[in-house]
Every structure is written in structure tokens, then in C-alpha cells.
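The structure appears below as C-alpha cells.
Atoms within each ligand, like the ligands themselves, are counted from 1 in listed order.
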Amino acid sequence: MLDTGVLFRYGFDDARAGHWKTRSFEAELCRKLRAGHCHVCSSGTAALNIAMAACGIGAGDEVIVPTFTFIATIEGVLQAGAVPVFADIDETLCMDPESVKGRITDRTRAVVPVHMCGSMARIDEIVAVCAGAGLVLIEDTAQAIGATFHDRALGTFGDMGCYSFDPVKTITCGEGGAVVTDDRDLYHRAEQYADHGHDHVGADRGAEGHPILGTNHRISELGAAVGLAQLRKLDGIIETQRRNKARLRDAFASRSEVTFRMIPDPAGDSATFLSVFAPDEHTARDWTSALADAGVPGCFYWYDNNWHYPRKWDHLKEMRTPGKSPLMLLDPPPDLSTMDIERSDRIMSRTISMLVKLSWTDGELEDIQDRIWTALEG
Ligand SMILES: *Cc1c(COP(=O)(O)O)cnc(C)c1O
């Protein structure tokens with residue numbers, strides 16, 4: 001590809017000498033995830049924006065999202081001009097299907113569960129809730145590529161699934177994302193929207209039709225080439241993560257007060273994180289400090305974190321958008337400053353997560369296990 005000089009995913013058919021990195025990445029993602037169609041794009045956030053657009057989510061629609069996620073999920077809703085409505089999480093650390101039911105109104109159009117930290121929501125139950133209420137289901141699978149529920153890839157349960165390949169995800173291409181769907185029409189709307197509405201019919205880009213307005217969420221061929229190479233390492237990455245996670249789990253299990261995150265199908269866990277619950281907030285804070293003092297790397301106490309939980313999302317609560325948000329034209333405008341998320345607070349305030357690294361040697365893992373034992377003994 002570098003030799004041809006064609007770094008663009010569309011066109012230049014002769015000059016590219018048969019190298020179609022983005023297309024190949026899409027085809028291999030389809031095969032890996034057993035999805036009908038895939039469109040690779042510039043980021044996971046772009047993927048969410050594309051999925052919302054393709055599914056027809058727009059101004060004033062309500063979209064149910066979980067409290068524990070990365071802010072990008074909410075940004076995807078806001079970019080559509082839609083209103084994020086928060087559902088509580090349960091012990092899966094993902095959206096609670098019961099809570100979703102309680103948040104449905106006559107304005108609800110879609111539900112966006114997030115498979116957080118490498119593992120799954122109770123996705124079968126969420127599918128049933130959406131089917132029962134006639135709602136669009138978009139899975140945010142940015143953190144869980146390679147994870148499955150009963151042997152089926154996360155991201156393939158809903159109308160569309162979204163993935164991210166940013167530098168902290170399981171596989172990366174610097175910046176990148178993807179949407180998958182089994183629905184041909186949704187796929188075409190997605191690939192058109194992501195490229196200024198081009199219909200991608202024929203071999204003359206200049207002569208293509210534009211059935212819809214869109215934007216530019218294209219990935220570069222350079223990024224796609226890296227993504228393709230990374231995807232081929234996915235199985236090995238997950239195998240290593242699972243092995244390393246089991247060692248961490250053993251160390252935490254030495255303390256009887258520790259309970260573990262609920263994983264609806266443990267065999268499908270991609271094992272990027274180990275998450276544990278302390279009996280109460282006070283103990284969780286004590287353990288977090290003790291783990292840090294003992295030199296245990298990569299522990300997160302999300303409840304205090306300003307990336308992944310609404311408690312510190314002041315920019316969202318105050319709707320600090322650079323220009324006027326379409327939401328402010330609603331009558332009345334939604335009030336995001338107060339949320340009824342007490343149940344999520346009770347879970348998050350007891351949760352500690354630990355990052356599972358790929359590069360740990362056996363000796364390093366033994367050392368980390370020792371440090372965890374020391375920290376939790378205290
Ligand atoms: C990373 C992430 C995104 C956004 O992906 P980018 O590629 O960084 O834009 C969306 N949702 C979740 C849950 C994420 O973790």
C-alpha cells in the first residue's frame with residue numbers, strides 16, 4: 001500500500017494495485033464477528049454517530065444509556081440531537097434490563113447498552129426489552145471486541161454494534177472504529193452517511209449519487225492496514241488476557257469479603273479487566289489505597305473517576321456545549337443536572353477494577369499476586 005501511494009479507502013482502482021486494506025479489514029471483521037455487514041470508520045465515537053444516524057435517531061428522541069460508560073456513548077446521543085436518559089447498572093457493571101424498562105417513555109427510540117471492561121451486559125434480556133417495546137438496539141462494544149455471549153459476538157445482538165480501535169482498546173489502529181449489522185439497508189445508510197452521503201455505486205467517485213446528507217467519518221487506509229494486522233492477533237490477545245486474569249482472580253479470592261463482578265457468560269469474557277466488589281464504599285476506598293501503596297499496577301476506583309461515571313460529569317450536567325445544543329430547543333429542555341442513579345452509586349462506590357496486561361511475565365504475575373495478598377491482608 002505504501003508503495004502505491006494510495007492511502008484513501010475509495011477509488012484509485014488502477015493505482016492501488018489490488019490493495020484494499022479497509023475492505024479487507026471489513027471482510028475479516030465480518031468473518032470474525034459473524035456479522036452480515038461491517039463499515040470501518042475513523043473512531044468508536046464516529047461509529048456511534050453513524051449508528052444513530054443509520055437507525056434514524058434524531059432531534060428530541062430519547063435514548064437510554066447506562067451510567068457506567070465512557071462519555072463517548074453520551075456524545076453519540078447528543079450529536080444526534082437526542083436526549084440521553086440514564087438507566088442504572090447492575091452487578092454486571094452494565095445496563096440493568098429492569099431499569100431500562102422503567103425509563104421507557106413515549107419518546108424513547110433506542111437503547112444503547114455498553115459492554116464495559118471486556119465483559120457483557122445481560123444482552124439477551126435487553127434484546128427482549130427492546131423487541132417488546134419496539135425500540136432500536138445499538139450495542140456499544142468499544143471495550144469488548146472478541147467477547148461473546150453464548151458463542152455469539154457482542155455487538156451482533158442489536159440492530160447495530162459499534163467498536164473502537166483507539167490506543168487503549170483490545171486491538172488498535174491508532175484511531176479507528178467500526179459498525180456492524182445484519183441489515184443491508186442499515187449498512188448502506190451507515191456507509192453513505194460516513195462518507196458525505198456517497199452511494200458508492202460504480203467506479204467513478206465523481207459521478208456517484210448522494211441519496212442522503214452525511215459527514216466524513218472515513219478511516220485512512222494506513223489505519224485500516226494496522227487494524228487488519230491487529231485483528232489477526234485478537235485470538236492470541238484474548239487467550240493471554242484470560243490466563244492472566246485467572247491469576248489475578250485467585251489473588252483477590254484469598255480475601256473472603258471480596259465478591260466478583262457478575263459475568264452472564266464467563267466463557268465469553270474477553271478478560272481485559274478484573275472487577276471486584278468490596279462490602280461497602282469505605283472498604284473499597286481502603287482497599288484502593290492499600291493496593292496503590294503495595295504497588296499493584298492499574299487499579300481503578302471508577303466512582304471517583306471523571307471519565308466513566310456521571311458523578312463528575314459537570315460538563316454534561318451543565319450542558320456546556322460550545323454552541324447552542326438542539327436539546328435546548330426542546331420544550332422543556334431536558335435537565336441532566338440531577339439523575340436518579342442511587343442504585344448505580346451503591347454498586348460503583350464498592351467497585352474496584354484492575355487492568356489485565358498482556359506483557360506480564362510469569363515472574364511479574366507472581367510478584368503482583370504477592371502484592372495483592374499484602375494489600376488485602378492489612
Ligand atoms: C473508547 C470508547 C468509545 C469511543 O471510542 P473512540 O474510538 O475513542 O472514539 C465509545 N464507547 C466506549 C464504551 C469506549 O470505551
Side-chain angles (χ1 to χ4, degrees), residues 22 25 29 38-53 55 57 63-80 82 84 86-87 89 92-95 110-121 123 126 137-147 153-155 157-158 160-180 190 194 215-220 222-224 226-227 230-231 241 261 269-273 275 298 300 302 305-310 313 315-316 344 348 351 353 355-356:
T22 313
F25 190 20
L29 275 166
C38 173
H39 180 76
V40 164
C41 59
S42 54
S43 72
T45 310
L48 286 159
N49 182 229
I50 293 166
M52 299 277 169
C55 292
I57 312 302
V63 178
I64 300 177
V65 294
T67 51
F68 182 40
T69 183
F70 178 53
I71 190 75
T73 317
I74 320 307
E75 290 167 345
V77 177
L78 295 175
Q79 281 170 342
F86 286 89
I89 54 164
T92 63
L93 297 182
C94 301
M95 173 184 268
V111 178
V112 185
V114 183
H115 302 291
M116 276 302 272
C117 302
S119 180
M120 72 241 40
I123 190 65
I126 294 170
L137 173 55
I138 296 171
E139 290 172 85
D140 182 339
T141 323
Q143 297 196 8
I145 192 163
L154 300 188
F157 287 82
M160 293 196 108
C162 301
Y163 300 85
S164 163
F165 310 117
D166 86 16
V168 299
K169 300 307 200 287
T170 305
I171 57 171
T172 182
C173 50
E175 297 284 0
V179 292
V180 299
T215 184
N216 176 7
H217 286 318
R218 291 186 309 254
I219 192 167
S220 144
L222 283 170
V226 176
Q230 282 268 294
L231 180 60
Q241 282 176 174
R261 170 189 187 174
D269 182 14
S270 71
T272 57
F273 280 88
S275 295
F300 294 86
W302 306 112
N305 170 294
N306 67 10
W307 284 26
H308 289 285
Y309 195 67
W313 286 345
H315 58 340
L316 174 69
S344 302
M348 280 328 286
T351 305
S353 297
L355 193 67
V356 177

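Near T69, the atoms of ligand 1 lying under 4.0 angstrom from a non-hydrogen atom of the residue are 13 (C). The contact set between ligand 1 and V114, taken as ligand atoms under 4.0 Å from a residue heavy atom, comprises 13 (C). Proximity to A72 (heavy-atom distance under 4.0 Å) selects the following atoms of ligand 1: 3 (C), 4 (C), 10 (C). Close approach of ligand 1 to S43 (heavy-atom distance below 4.0 Å) involves ligand atoms 7 (O), 9 (O).
Side chain of E139 to main chain of G158: a donor-acceptor pair is present (N/O by atom type, distance under 3.5 Å, no hydrogens or angles). For T272 (side chain) and C117 (main-chain N/O), a donor-acceptor pair under 3.5 Å exists by modelled atom type. Although no hydrogens or angles enter the test, the distance criterion places a donor-acceptor pair under 3.5 Å between the side chain of S270 and the main chain of G118. Judged by distance alone, with hydrogens and angles left aside, the side-chain atoms of S344 form a donor-acceptor pair with the main-chain N or O of I89 at under 3.5 Å. Remark: side-chain polar atoms of T172 are paired, donor with acceptor, to backbone N or O of F165 under 3.5 angstrom.
In terms of protein heavy-atom proximity, atom 15 (O) of ligand 1 is closest to Q143 NE2, 2.8 Å. Taking atom 8 (O) of ligand 1 as the reference point, the nearest protein heavy-atom neighbour is D166 OD2, 2.6 Å. Nearest non-hydrogen protein atom to atom 5 (O) of ligand 1 is S164 OG, 3.2 Å. Ranking protein heavy atoms by distance to atom 9 (O) of ligand 1, first place goes to T45 OG1, 2.5 Å. The shortest contact between atom 11 (N) of ligand 1 and any protein heavy atom is with D140 OD2, 2.8 Å.
Taking 4.0 Å as the cut-off, K169 counts as a neighbour of ligand 1 on heavy-atom distance.
With no hydrogens or angles considered, no side-chain donor-acceptor pair links Q143 and H115 at under 3.5 Å.
For the residue pair F273 and W302, the shortest heavy atom distance occurs at CE2-CZ2, 3.9 Å. The two residues A51 and M160 make their nearest non-hydrogen contact at CA-SD, 3.7 Å.
For ligand 1, the polar-atom distance check against G44 finds a nitrogen or oxygen pair separated by under 3.5 Å.
When A46, G76, A142 are checked for heavy-atom proximity to atom 12 (C) of ligand 1, A142 turns out nearest.
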